[in-house]
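One structure is given below, encoded as C-alpha cells.
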Amino acid sequence: MALGDLMASRFSQSSVVVVPNHLDDCASSHEDGDLSSQRRESETASSSYGNATATTATSMAYLPQTIVLCELRHDAFEACVPLGPSDSGLVSKWRPKDRMKTGCVALVLCLNISVDPPDVIKISPCARMECWIDPFSMAPQKALEKIGKTLSEQYERWQPKARYKVQLDPTVEEVKKLCNTCRKYAKSERVLFHYNGHGVPKPTANGEIWLFNKSYTQYIPLPISDLDSWLKTPSIYVFDCSAAGMIINSFIELHDWGGSSSSGSTRDCILLAACEAHETLPQSAEFPADVFTSCLTTPIKMALRWFCTRSLLHESLDYSLIDKIPGRQNDRRTLLGELNWIFTAVTDTIAWNVLPHDLFQRLFRQDLLVASLFRNFLLAERIMRSANCSPISHPMLPPTHQHHMWDAWDMAAEICLSQLPLLVEDPNAGFQQSPFFTEQLTAFEVWLDHGSEHKKPPEQLPIVLQVLLSQCHRFRALVLLGRFLDMGPWAVDLALSVGIFPYVLKLLQTMTPELRQILVFIWTKILALDKSCQVDLVKDGGHTYFIRFLDSMEAYPEQRAMAAFVLAVIVDTHRRGQEACIEAGLIHVCLKHLQGPTPNDTQTEPLFLQWLCLCLGKLWEDFTEAQIFGLQADAPAICAPLLSEPQPEVRASAVFALGTLLDVGSGSCRDGVGGDEEYDDDEKIRAEISIVRSLLSVASDGSPLVRAEVAVALGRFAFGHNKHLKSIAAAYWKPQSSSLLNSLPSLSHIKGSVVSSQIGPLLRVTNDNSLVVRDGRVSTSSPLASSGIMHGSPLSDDSSQHSDSGILNDGVSNGGVNLSPPKPLDNAMYSQCVLAMCTLAKDPSPRIASLGRQVLAIIGIEQVVAKPLKSSNNSVRPGESITASPGLARSSSWFDMNGGHLPLTFRTPPVSPPRPNYLTGMRRVYSLEFRPHLMSPDSGLADPLLGSGGTSGASERSVPPQSTIYNWSCGHFSKPLLIAADDSKEILTRREEREKFALEHIAKCQHSSVSKLNNQIASWDTKFETGTKTILLEPFSPIVIAADENERIRVWNYQEAKEATLLNSFDNHDFPDKGISKLCLVNELDDSLLLAASSDGNIRIWKDYTLKGRQKLVTAFSSIQGHKPGVRSLNAVVDWQQQSGYLYASGEISSIMVWDLDKEQLVNSIPSSSDCSISALSASQVHGGQLAAGFVDGSVRLYDVRTPEMLVCATRPHTQKVERVVGIGFQPGLDPAKIVSASQAGDIQFLDIRNDREAYLTIEAHRGSLTALAVHRHAPIIASGSAKQLIKVFSLEGEQLGTIRYYPSFMAQKIGPVSCLAFHPYEVLLAAGAADACASIYADDNSQAR
C-alpha cells in the first residue's frame, strides 16, 4: 500500500483535531461545529415542547458519545517546556565528522621475481599469480613493470582522482623519497601505502620490513617508526606479506609509546594486514599469490572464482568466462554492474550490523577509498580463512566470515554464473535481473510489520539505502523507509547513521511526481529530529521543492502541512533560510492558502492552517525585512480571522504569526527601520496597533495554549512600546486626588461594547479594602487599585467608573518619545493592553500567570503577594513579607538591595470574616523615579526588580518571554503518524464495559422502589476547617470527592471500611477566594477528568486526581467575563453537559456563558433576560443544549441553545416568600420539560413547564432554611438538606420517604448543618457534606452495605 494511500486512510479519521467518537454508528458527530449538530438531540428537541409524548430515545440518550480534553495539548501543558527539533547533542552524531579523501597512493612492490627469499619453502604447484599476471610468463623486469602498472590500475578503479606512485623492488632511500613526495602532495589528505613483500623475508619481531640494496645483493630492513615518521597522518597501510601481523603489533606498540609524549595516540592511522604474526600466506595454486591484494582490489573476480570451485557449477563452468562477464562495474543495468552493486550492499550490511556505529561511520562513510577497501577486506577475511589464514586490521573488526548475508551473496553469484555461458555466446541476450533487492525489501517489510524499538534493528537498512539508487525499486524503498522513520526518533537516528541523508537530499532534485508525497514525509521525519539539516537544504536549494509542494493542490492538506513544517524548520532562527524562502515567494504562498477555502474545500484542515501560520511566524521572526513584506501583504488582516477558528492549536498559531510581526526592534526609538524605507513608522505603528487589537480579542480565550501565546505577543509589544506602556502603568499607581473619579472618561465607547465586555479594566473600586502604594507607604484609603487585582473578576463591565485619567493625560506627555504624537485612540489601546497584561498575570493557569508577570515586569510593574503574619498589630515588617507566587522577585530582597530606603509596610485591609487574609496588590518599581543610576541600559528596568539574582537575572528579564507553540507543535511530527495508537482497543473495551454497567444500573434505578435512605454506609472526618462546600460520587469506582471554602480538594475511597480512606488531597490553586462552587466529572464513561469551578468563575480541570500527589492540571480558564457594576463577588454557578460538550457558567452577570470544551472557546452567550442574578444552574444530562436556571428572585427559566431565541420559557413558581432558588434539576427520565426547583424559603416546586407554567406539586420541605437539593439522574427520588441539621428524601410524587437526622452512633449525635448533597449517577447512594467536618454516604435500606 503506497504511503500516500496509507496516509489518506489514516488521516481520513483526522487524527489531528476531531476527537474520535468511540461508537461511530451512534455517535453524535461533532464535526460540523453547528450548535444543532447532535442529530439525536435535535430530533428529540423538535418534538419536545408542545406534545405530551417525547420521542422515545434509545438508551443511548443516557450515554453521551462526546469526549473532550484528551488531545495532545492537554497532556502536560503546565509541566513541560517543549523542545523543538534539536540541532546538537545526540542528534548530529550521525553526521560524518569530516569527509576525507585519499589524495595519494604509494605502491611498493618487493617481488624480486625468480629469487625466493631464504625463509620461504615453496610447495609445488604453488600460487604464482600477482595481479592476475603470471610473473614467469615473461622476462622478470617486464613482468615486474606490468604487475606494478596493473596494481595501479586496479586501485584507480576505486579512487580515480588520487595520484598514484609505484616503486618496484626499491631501496630504503627510494621509499623515503616516495613517502615524502606523497605526503607533500596529499597535504592534509590521506595517503595509502601498499606493501607487497612476496620477494623478501618476513617482517622482524622488532617491527622492520625488508627492502633491497642498490645491487640486490642484500635485504635491508626499514623500521616501521621511520616509515610512520615519513608518511605522517592521516594514512592507511596495506601489508601483503607473510607474518604481516608483526607489523600491526609494532605499530600498536609504537603508537602506545608515542601517546605519552607526542600526539601519537590521536593519529588517524588505519592498517590492513594479510595474516596474523605467526601465519604464512596460502600457497595453494587455487589462489593467486597476492590473494589479499586481489580481494582488496578485484573483489568480484576473486569472489566468483572462489565461489566457483565450491559450487555445483564448477564442472560446467570455465574459469576464463569470469573475465568475460559483460558490462561495466559502475553501470547497474549491466550484469557486472549489478553484481558489484549487490556485493556493495551485502558487505555494507554485514559491516553495519556487526560494527559499533562510530567505527562504522569512520571506516565505511568517511572516505570512499577506505570504505571500498574495508568492504573488500570482509571478503578477504571470508576467502583467506578458508585457507587457514586470518587477515587482521587496526582498528580491529569482529569476525564476519560466517555472517548469513554471505548466503544471499552466494545465491546472487550463482544466478549470475548460471547465465554466463549464454550471455558470452550471444552478447545481445538480455540478462535476468537478480531478485536480491526485491527479496531484501520484502524482508524489511516483514520486519516493519513485527519489529519495534526494543527488538533488534532491521539488518536490511543499508540495502534500502542502496536501492534508492535504482529507479525501479525507488518508490517502494522510500515508502518502506517512510514507515520505518515513522516508528520514532530512534528509527530516524538509525537511518541517518546508515547514511541516508545525502541520498534523500539528492532526490529533491528529481521531478518525479509520485515521489513527492513520500519525500515530504521523510523530510518531515528527519527535520522533526534534527534541525541542523536546514543548512544543507538551503545550500542545495531544497526549500523550493517544498514551496512548490505547499502550493500544489493535488496533495492532501495534511501532507501540505508537512511541507509547511519542513519550511518552518528551514527558516527557524536561520537567516540564510529566511532570505532564501522570501526570495522564493513563501510569504505570498502561505498567505494565499490562509485566505479562505478553495472550491474543493480541503483547505480547512486545521493542521494545515496551523503550520501555515507557524511557518509565517518563523519566517518573519526577528527579521525586519520580512515583517515589512508581511505588513505590506496585509498579513494581519489575513491572519486575524483565524483567531476564531474552532481548534485551539490554529488560534495559538495565528497569535504566534501576528505576535512575531511586532517588531521588538529598537524600543520606542524607531529611527532606522531596516528594509523598505518608504514603509514609514506611522503605518507600522498603525499596523502594530491593529495587530494588538486582534490579540486582545483572544486574551481571555478558553485554551491556555492560546493565552500563553497572547502573553508572549504582548511581551513583544511591551518591549517595542515600552515607554508608552510604562507611563500608562505608572499613571495607574500614581497617587491621585480623590476627585479623580469624577474626571475619568469612559473606555467603553472606544471599541463598542466588545471591549467593555471582554477587556474591561481590572481594578475595581471598593471603599472598604483598597490599597495603593503611595510615597512608599500602603494607603488603605485611596480609591484606586483594589485587591481586585488577584481576586475579582478578570474583566468587568464597569469601565465607566474608573478608567484612569492618567491613561489619557500622562500618556501623551511621557509617552511620545520619537513617535508622532500618539492619538487618543492609541492611548486607550495601551491602557487596554496594560489591563490585559494584569488579567494574564492572575490567570488560573500557573504557567500563564507567570508569563503575565514577566510581561508586567517589562513595563515596570511588580506584583507582591504578602501573607500577613498572625501578629497582634496589624502590619508586617518588610523583611517578613512572603511572596507566594513563583517567578516574583522576593519582596524582602527588594528592600535589602535598597538599603531600606523605601519602607513599604503592608496593612491588612478590613476583610469580611470568611475571606482568608491574603493580601494581594501590585506595586510600581519606584526606584525608576528615585534611583536612576540603577537602570539597566538594555531594558530600562530597574535592577532591584531582579532581587538578589544579580546580573544573570538582568539578562533574563530583559528578554521578552519565549513562545512555545512552535516547539510544542513540532512534537506532533515526531510521533507516529501512519499507525493508530495501540491502546485504542483497551480503551474501547473499558468503554463498552462501563456502558453495559451504566445501562444495567439505570434500568435498576428506574424500577427501584426506594423506601428510605437511612442506611449509612460510610461516614468520615473530612478535616476541612470550614466544612464541605461541594461533594461528588464517582460512577464506576467507590470514590468520593469533596472540596471546601479554601479550595482544598480531597479524594477518598469509601468501599473498604466505615471510615473512608484518603487517596489524595491537593489545592485547586494558591489564592483561594470563596471556595469551589461545583465539582463535576468530565468524560465520565472514559478516563474521567475532574472539573473544579471556583466561585470567581475560574475553571480548572484535573487528571489523575485520585493518585496521591500526581494530579495534573489539564486546562484552566476564566468562564465568566465582565460583571455588573458594584458587585463584590461573582458567586459563579456552573454546570457541565457531556452530551453537547458545553460548560454553562453564570453568576453576577446578565448572561449565561456557553463554553465548548472541545474547541475550548466561548461559543455563545445566552442573555438571561432578567435583571437579577442566577443562583442555580442545571444542564440536562439527556438533551444536549438544554439547561434550567433559577434566579435570586425565585424565578425559573428554561433555555435551549439549539433554538434560535434560546429562552424556552420563564416562570415564577416560588411565590409565597420570594427567596433565591438554591437548587434546580431536571427530573429523571427523557422528559425535557419536567424540572424540580427548591428555594431558600424551604419549598420545593415540581414544574412541568409545558403545562400552565404552574407548579403541579409543591412540598414544604424545610421552613426558611433549605440549603441543598439533589435530584437523582435516573431513580425517582430527590433529597433536600437544611441548615437545621436534617436531610429529607422524597419521591417524585411528593411522598416523604425518609428523614436523616442523626449519625447512627451509640450517642445518636445529630448531623451538622447540611451544605451539599449529591446522588451517585447510577446507584441509589446519597453523599452529604455538612458545615462541620463530617461527610457521609447513605444507601437504601434494603441494599446491603457495599
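Remember, it's a predicted structure, so these values are computed and weren't measured experimentally.
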Apply side-chain contact (heavy atoms from CB on, under 4.5 Å) to the pair R716 and D622, showing each step before the final yes or no.
CA-CA 11 Å; R716 290 179 69 91; D622 304 328; 3.5 Å; yes
Are any side-chain N or O atoms of E709 and backbone N or O atoms of F656, one a donor and one an acceptor, separated by less than 3.5 Å?
no
Do you see a donor-acceptor pair shorter than 3.5 Å between the side chains of T964 and R847?
yes
Name all residues meeting the salt bridge (charged side-chain N to carboxylate O under 4.0 Å, His left out) criterion together with D634; count only those two or more places apart in sequence or in a different chain, and write none if there are none.
none
Could you state the interatomic distance from CG (L591) to CG (L586), rounded to the nearest 0.5 Å?
9.0 Å
F717 backbone acceptor or donor facing H721 side chain under 3.5 Å
no
Given side chains that start at C-beta, do those of V571 and L567 come closer than 4.5 Å, heavy atoms only?
no
Contact between E625 and I582 at the side-chain level, heavy atoms closer than 4.5 Å - yes or no?
no
If you take all heavy atoms of A836 and A699, which pair is closest and at what distance?
CB-CB, 4.4 Å
For F1117, what residues pass the ring-ring contact (aromatic ring centres under 6.0 Å, His included) criterion, not counting sequence neighbours?
W1155
F719 and L714, any side-chain heavy atoms less than 4.5 Å apart
no
Hey, mind stepping through L631 and E688 against side-chain contact (heavy atoms from CB on, under 4.5 Å) and telling me if it holds?
CA-CA 9 Å; L631 293 174; E688 296 203 340; 5.7 Å; no
Between S690 and P636 the two heavy atoms that sit nearest each other are OG-CB, 4.5 Å
Counting the benzene-type ring for Trp, do F629 and F623 have ring centres under 6.0 Å apart?
no
Counting N and O atoms only, with roles assigned by atom type, does the side chain of S703 sit under 3.5 Å from a partner on the main chain of P648, one being a donor and the other an acceptor?
no
Decide yes or no on side-chain contact (heavy atoms from CB on, under 4.5 Å) for L1113 and R1100, but give the supporting numbers first.
CA-CA 7 Å; L1113 189 60; R1100 291 178 178 79; 3.7 Å; yes
State, to 0.1 Å, how close G1097 and S1119 come at their nearest heavy-atom pair, and which atoms those are.
O-OG, 2.6 Å
Closest non-hydrogen atom pair, A828 against S831:
O-OG, 2.6 Å
E621 vs K618, salt bridge (Lys or Arg N to Asp or Glu O under 4.0 Å): CA-CA, chis, key distance, verdict:
CA-CA 5 Å; E621 186 176 37; K618 280 288 167 193; 3.0 Å; yes
Distance (rounded to the nearest 0.5 Å) between L661 CG and I691 CD1:
4.5 Å
Would you mind reporting whether T839 and S700 have side-chain heavy atoms less than 4.5 Å apart?
no
Which word best sums up how the rings of Y830 and H724 line up, parallel for under 30°, tilted for 30 to 60°, or perpendicular for over 60°?
tilted
Of all heavy-atom pairs linking S653 and C613, the shortest is O-CB, 3.5 Å
Residue set satisfying side-chain hydrogen bond (donor to acceptor under 3.5 Å, both in side chains) with Q627, at least two apart, ordered chain then number -> none
Counting C-beta onward and ignoring hydrogens, is there a side-chain heavy-atom pair between I689 and I685 closer than 4.5 Å?
yes
Does the side chain of T660 reach to within under 4.5 Å of the side chain of S963, using non-hydrogen atoms?
no
Could you tell me whether the side chain of L643 reaches within less than 4.5 Å of the side chain of L658, counting heavy atoms only?
yes
One pair to check against salt bridge (Lys or Arg N to Asp or Glu O under 4.0 Å): D701 and R707. What are the steps and the verdict?
CA-CA 6 Å; D701 192 273; R707 297 196 305 277; 5.7 Å; no
Do side-chain atoms of Q578 reach the backbone of L619 as a donor and acceptor pair under 3.5 angstrom?
yes
For the residue pair I570 and Q534, what are the closest heavy atoms and their distance?
O-NE2, 3.6 Å
Among residues at least two apart in sequence or on other chains, which ones pass side-chain hydrogen bond (donor to acceptor under 3.5 Å, both in side chains) with Q1161?
none
Contacts of type side chain to side chain contact (heavy atoms under 4.5 Å, CB included), residue A640, not counting sequence neighbours
S694
Does any pair with a residue in residues 830-839 pass salt bridge (Lys or Arg N to Asp or Glu O under 4.0 Å), and if so which ones, sequence neighbours excluded?
none
Is there a side-chain contact (heavy atoms from CB on, under 4.5 Å) between C590 and W611? Walk through the geometry before answering.
CA-CA 9 Å; C590 289; W611 276 101; over 6 Å; no
Mind checking what makes side-chain hydrogen bond (donor to acceptor under 3.5 Å, both in side chains) contact with T573, not counting sequence neighbours?
K531
What residues, two or more places apart in sequence or in another chain, satisfy side-chain hydrogen bond (donor to acceptor under 3.5 Å, both in side chains) together with S969?
Q610
Could you state the interatomic distance from CG (L705) to CD (E649), rounded to the nearest 0.5 Å?
6.5 Å
Residues in side chain to side chain contact (heavy atoms under 4.5 Å, CB included) with A711, at least two apart?
L840, L851
With a 4.5 Å cut-off on side-chain heavy atoms, are I587 and W620 touching?
yes
